[in-house]
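Below: the structure, in structure tokens.
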Amino acid sequence: EYMFTAQEARNISDEAYKEQIDAELASIVPEIEAAMRKGEYSCWIYETNISSATRTYLEELGYEIISSTQYNETEYKIAW
């Protein structure tokens, strides 16, 4: 059975990490853009889970992410 080298495993993990962030951003970015165009400084994300990887990415870009949970659903406020 084939065993990945550590470098191959890292590359695959890096790719999966980026794909997860990209998939989440595909739902988040339109919400941010819509709020910006209305002159707002934050938006709420209800349907998309924001992983710690995506949260860190957004925070590195200067966004503030506040999460709250009710009825077993997590919602996120993204502010700029």
Side-chain angles (χ1 to χ4, degrees):
E1 190 170 315
Y2 178 75
M3 182 64 191
F4 291 100
T5 66
Q7 183 61 53
E8 288 170 326
R10 270 192 301 277
N11 290 345
I12 291 167
S13 291
D14 286 348
E15 214 37 56
Y17 180 82
K18 287 179 193 146
E19 285 173 11
Q20 178 184 19
I21 292 173
D22 288 346
E24 292 173 13
L25 288 177
S27 343
I28 295 167
V29 170
E31 298 292 335
I32 292 173
E33 287 180 348
M36 283 177 0
R37 294 187 196 293
K38 291 189 235 169
E40 297 171 356
Y41 295 90
S42 65
C43 66
W44 284 90
I45 305 295
Y46 299 102
E47 301 294 320
T48 303
N49 179 53
I50 298 180
S51 65
S52 59
T54 300
R55 184 181 189 126
T56 298
Y57 176 77
L58 290 168
E59 288 172 343
E60 286 171 355
L61 292 175
Y63 291 93
E64 179 184 8
I65 292 87
I66 301 161
S67 58
S68 66
T69 304
Q70 56 188 83
Y71 310 115
N72 292 329
E73 295 287 322
T74 302
E75 54 192 29
Y76 303 90
K77 180 180 184 184
I78 300 177
W80 50 90

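Counting begins at 1 with the first residue of the sequence.
N11 and E15 are not linked by any side-chain donor-acceptor pair at a separation below 3.5 angstrom, with hydrogens and angles left out of the test.
Rounded to the nearest 0.5 angstrom, K18 NZ and S13 OG are separated by 11.0 Å. Between the OG atom of S68 and the NZ atom of K77 there is a distance of 10.0 Å, given to the nearest 0.5 Å. E31 CD to E40 CD: the interatomic distance, rounded to the nearest 0.5 Å, is 10.5 Å. Rounding to the nearest 0.5 Å gives a distance of 13.0 Å between CD of E75 and CG of N49.
Atom CD of E73 sits in a sparse spot, with 12 or fewer heavy atoms from other residues, nucleotides or ligands closer than 6.0 Å. The number of heavy atoms from other shown groups lying within 6.0 Å of OH (Y71) does not exceed 12.
Between A9 and F4 the shortest heavy-atom distance is N-CB, 4.3 Å. Between S42 and A35 the shortest heavy-atom distance is O-CB, 3.5 Å.
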- From CA spacing to verdict: side chain to side chain donor-acceptor pair (under 3.5 Å), T69, T74: CA-CA 4 Å; T69 304; T74 302; 3.2 Å; yes
- Task: Could you walk me through whether S51 and E24 pass side chain to side chain donor-acceptor pair (under 3.5 Å), step by step?
- Result: CA-CA 8 Å; S51 65; E24 292 173 13; 3.0 Å; yes
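A heavy-atom distance below 4.5 Å is found between the side chains of T5 and E8.
Not a single side chain to side chain donor-acceptor pair (under 3.5 Å) links T56 to another residue, sequence neighbours left out.
Through direct or indirect side-chain contacts shorter than 4.5 Å among Ile, Leu, Val, Met, Phe, Trp and Tyr, Y17 is connected to I21, L25, I28, V29, I32, M36, Y41, I45, I50, Y57, L58, L61, Y63, I65, Y76, I78, W80.
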